[in-house]
Structure formats: structure tokens, C-alpha cells
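These notes concern the structure reproduced below.
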There are 2 protein chains.
Amino acid sequence: MTTGKTTTSRPSGSSRPERQRDPERTKAELLQIATEVFAQDGYSGARVDEIAERTSTTKRMIYYYFGGKEGLYLAVLENAYQGIRAAEQGLDVTGLEPVAAIRRLAELTYDYHVEHPEFIRLVSIENIHRGEFIRRIDALRSIANPAAALIDNILSRGRDDGSIRHDVDRIDVHMMISSYCVFQVANQHTFGHLFGRDMGDESMRPHHRAMIGDVIAAWVATPLVTAPR
Amino acid sequence: MTTGKTTTSRPSGSSRPERQRDPERTKAELLQIATEVFAQDGYSGARVDEIAERTSTTKRMIYYYFGGKEGLYLAVLENAYQGIRAAEQGLDVTGLEPVAAIRRLAELTYDYHVEHPEFIRLVSIENIHRGEFIRRIDALRSIANPAAALIDNILSRGRDDGSIRHDVDRIDVHMMISSYCVFQVANQHTFGHLFGRDMGDESMRPHHRAMIGDVIAAWVATPLVTAPR
DNA sequence: CCTCCTTTGAACTATCTAGTTCATACCTTA
DNA sequence: TAAGGTATGAACTAGATAGTTCAAAGGAGG
């Protein structure tokens, strides 16, 4: 089917203003732009050509370095999760009483989420796809989660000194905090529209931040008996 | 460019085994299948041809009744939201003390969410699109939300009898409950994978259901002073 | 400085997909 | 029962899109 396509445009000998060769830079740029575009439009919605156009390189490089759209998306996902892992490693609640520490942790988690909406969007997108991609990223399998470990540590201290109830585990706590923080970003458009509260409004942040702290603190400090006797 | 295409196949006179004519049924079937497919694959991921193939009618009808893919998606969204509105109208917490009532409401909300995952998926999808479609559905604009009204009612009673704190409003409460319930469904794939807890596991439901009840009850019943003096 | 491997560029193509067109059967109503 | 509107079917098409191919420039090693 090889039609004409005889001479490929560029007059031989013309000096190409070729970019400096730098594989790492090229890969990093593709990854960054791809992160933006996938977070913006979703996996199906994202266009490989658009990603390429927004970089200083070409679509060819996506196939050269990442194998294709799917490989690029996998790389984007992994990179994003490595980012939050790194951030979690920086969490510091030393010197606080257990309940205060867990309140602090909730508030810091809130901060991270509102500051990284594109990460939350990638997580949402991945869930729309039922986690089919993340499941295939070996690097994310069974890697200890810094935040969960920190929660575990706080809960232990609190149980020992009697300030925290015994029937909540680290996953419960992490799930509760994540639910709220993710929702703030992931569902802001429908919730904001239907209930008239713009969760993206910066002036609301102190209120929303304090809320998750209050909720978590009130919950974990609650004694087992729910009704006073 | 009108090429051949002279006689269009079917021999004239052949009796077509045509389906019973029933516009309402045709529209309803399209809407239902479209809901499944959009919830399954997202807006960009959904294929008009696939929707058509899974019905007993044809793609032509999508364009005839809904104008196109977008119109069909708008109809699906509106229909789904009308569904949850109707469900909320059936919520009943009469005869309960304010704190018990709000705990009950949280648990009933949890039940609805886990029983309607496809609705949650549509909400997630709509948020990926930044609410651009829902904003255009006039029927969903400023319609009173039954659940929010109910919360308002409970909070009033609780404030009057002193059992509920004064500094949380109905939107705060609704947001907190929704966060948790939506997360249970919307983020089950990534969370389950990364933390080893399958939120879809039915045996976990009583635990997860009780959790949001406990959290909300502990929170709204907390007195304003956070530290004892 | 010649050769070969790595990296990059630009055009090309097969396929998929939303949307359209033409044709026609059914049904209501006058 | 004739006519015109409504409902439905099947094939078609223009455009978009992921992926490929040809080609060549840069640099390293001999």
C-alpha cells in the first residue's frame, strides 16, 4: 500500500535546529505534561497528540520511551503515588498528645489534598477504571504506607495512655480522613453546584480543615459505651 | 461525493419483523442501557454504538430522541439524580432523639450508596468533567434537597434540647456523611488495592456502616469546648 | 574520521467513532 | 381509505486518533 511519499520534506543538508539531546529531560517533560493532560481529561479523554504538542518534543518519543498511551499513563500513575508517599514521609506530629497528634495528622492530610488536586483527579480516574492500571504497577504493590504507619503509632500511644478508644484501627482512621479530604477535591463540582457550597473557595479552608480535625478527634476519643448509663 | 449506494439492500415488499412501536419504551430502554454504559466507561469511554447494540433498537433512535451522545448523557445524569431525590424523600427518622436520628440518617445514607454504585460512578465521572454537564441541567438547579432539609430539622431539635452543638450546619453534616459514603464506593479500587481492605466486601458492611454512625454522632454531640478545663 | 547505535523528527495510515442520509413501514385522522 | 406525520432501520461518511514508518542527526568507540 506504500503510496508516493517519496522525498520526506526536509531538504537534505539543511541544518536542523535540533534540541539538545537529553533523554532524562525528555522523559521528565513528557511525564509532567502527561500528568497534567491525564488529570485534566481522563484516560480516554486524553489525546496522545495533545500531550506531544504541549511538550517541546514529539509523539514519537512517547512511543520510544513509554511504549504507548497506556505505558505513559502507567508511568504517570506511579509517579503521582510516589509523590504522595514522599510527602507522607515528611509528616511530623512529634511532641503532641495522641488525640492532638491525630487531629494534626488529619489537618495536614487535608492540606496536602487541597494543594494537589491533580493527584486526586488521577485517583478518581483510576477508580473509574476500577483500578485496572494501578493493579499492574508492581512498584506500588505492598509498599508500606508511611501515613498508615504513623497512625498506627499514634493509636498505640493513645490506647496505652487511655486517651483513645480501642475499637478503631489504623485503616479505619486512614479511611475516614481520606474520605473527607478526597471528597473535598474530587466532588467539589457536583456538591458545590447542588448545595451551594464552593469547596474550592479558599476562605472556607480553615473551616473545612478544622472540621475534619474535630470529627476525628471526637471520634477516636469517644469511649466505647455510646449511651451513658 | 455521493457514491453508488443506489438500492438500499432490503428487497422492497419484504415484510420487516418490526418491533412494536412504543416511543416511551424505546426511550426508557435507551436511558437505562446508557446509564449502565456511561457508568461503566465514563463519558469519553462510552461508545454510542455500544449503547445502541445493547438495546433492542438502533443508534438512529439515540439521535432521534436525545439529539446525540451529549443529550443522552444529560438525560442519564438528570434521571440518576431524580432517583436519589426520590430515595431521600423516603428517609424516615421520626421518633428518634436528635443524636440517634442523625446517626440513623448517616447509616441509611450509607445503605443507599452501597446499593447504588452506578449512581456514585456517574457522580465521579461528572466531577472529572468539572460539573460541566450537570450545570446545564435546569431541572436540577436549586431544587430543595430532601436530605439537607431533614438534617436541618434534626439539628434544630438537637440544638433546642441541648444535645447537639451549635456550630455545625446542615451542609457540614451532609458533606461529612456524603464524603464517607461516596468514598466507600467511588474509591474502593485504589484504596482496597493499596491498603488491603476490600470495601466492596459485604461482610465489612456492618462495620463500615456503624463507623459513619459513630463518627457523626460523636461529632455533633461534642460540646464546643474541645479541651476540658 | 569512519561506523554503528541511540535519539529525534515528520509524515503517513488503518481503524474507530460520532453523526447523517435515505428509505420505508406504521398509524392517526379526516 | 388516502395522506401526511411519526417512528424505525441500515448503510454511509467525514473526521479524529493511536500507532507506524522512513529517515537522519548526534555521539561514542575504534
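In what follows, chains are A, B, ... by sequence order, proteins preceding strands, each numbered from 1.
- When rounded to the nearest whole Å, the span between CG of Leu30(A) and C1' of dG9(C) equals 14 Å.
- The separation between Ile62(A) atom CD1 and dT17(D) atom C1' is 12 Å, rounded to whole Å.
- By the side chain to side chain donor-acceptor pair (under 3.5 Å) test, Asn127(A) pairs with Thr190(B), sequence neighbours left out.
- In this entry the distance linking CG of Asp41(A) with P of dA18(D) reads 11 Å, nearest Å.
- Between Tyr43(B) and Phe133(B), the two ring planes are tilted [angle within 30° to 60°].
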Would you tabulate the nitrogen or oxygen pairs shorter than 3.5 Å linking the protein to nucleotides 3-6 of chain C?
residue	atom	partner	partner atom	Å
dT6(C)	O2	Arg21(A)	NH1	3.1

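- Taking 4.0 angstrom as the limit, Tyr65(A) places none of its side-chain polar atoms (N or O) nearer than this to OP1 or OP2 of dT7(C).
- When the side-chain contact (heavy atoms from CB on, under 4.5 Å) test is applied to Ala34(A), the partners found at least two apart in sequence or on another chain are Phe38(A), Ile51(A), Leu72(A), Val76(A).
- Here the P atom of nucleotide dA18(C) and the CD atom of Glu53(B) are 11 Å apart, to the nearest Å.
- In this pair, Tyr112(B) and His116(B) present their aromatic rings parallel. The plane angle is below 30°, not in the 30 to 60° band.
- A close approach under 4.0 Å does occur between a side-chain nitrogen or oxygen of Thr57(B) and OP1 or OP2 of dG9(D).
- Judged as a side-chain contact (heavy atoms from CB on, under 4.5 Å), and not counting sequence neighbours, the contacts of Asp169(A) are Ile171(A), Asp172(A), Arg197(B).
- Rounded to whole Å, the distance from CD on Glu70(A) to P on dG19(D) is 8 Å.
- Glu29(A) and Ser56(A) are linked by a side-chain donor-acceptor pair at a separation below 3.5 angstrom, with hydrogens and angles left out of the test.
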Please list, for nucleotides 15-17 of chain C, all pairs of protein and nucleotide N/O atoms separated by less than 3.5 Å.
residue	atom	partner	partner atom	Å
dT17(C)	OP1	Arg47(B)	NE	2.6

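- Across the protein-nucleic acid pair, Ile51(A) atom CD1 and dA16(D) atom C1' stand 16 Å apart, rounded to whole Å.
- By the ring pair (Phe, Tyr, Trp, His ring centres under 6.0 Å) test, His189(B) pairs with no residue at all, sequence neighbours left out.
- One can place CZ of Arg25(B) at 14 Å from C1' of dT8(D), the figure rounded to the nearest angstrom.
- Legend: residues meeting side-chain contact (heavy atoms from CB on, under 4.5 Å) with Asp111(A), ordered by chain and number and at least two apart, are Leu108(A), Glu115(A), Arg209(A).
- Look at Thr26(A) and you'll find a side-chain N or O under 4.0 angstrom from OP1 or OP2 of dT8(C).
- For Arg121(A), the side-chain contact (heavy atoms from CB on, under 4.5 Å) partners are Ala39(A), Ile128(B), Arg130(B), not counting sequence neighbours.
- When each of dG9(C), dA18(C), dT8(D) is scored by its nearest atom to the side-chain atoms of Arg60(A), the top-ranked nucleotide is dG9(C).
- The distance between atom OH of Tyr73(A) and atom P of dG19(D), rounded to the nearest whole Å, is 15 Å.
- Every residue was checked against the salt bridge (Lys or Arg N to Asp or Glu O under 4.0 Å) condition with Glu53(A), not counting sequence neighbours, and none meets it.
- Among residues two or more places apart in sequence or in another chain, the salt bridge (Lys or Arg N to Asp or Glu O under 4.0 Å) test is passed with Glu24(A) by Lys27(A).
- Considering only side-chain atoms of Tyr63(B), the nucleotide from dA18(C), dG9(C), dG9(D) that sits closest is dA18(C).
- With axes fitted over five pairs at each extremity, the angle between the ends of the helix from dC1(C)-dG30(D) to dA30(C)-dT1(D) is 0° (10° resolution).
- Contact annotation: side chain of Lys59(B) to base of dG9(D), donor-acceptor pair absent below 3.5 Å.
- Remark: Glu70(B) pairs with Arg136(B) by the salt bridge (Lys or Arg N to Asp or Glu O under 4.0 Å) rule, at least two apart or across chains.
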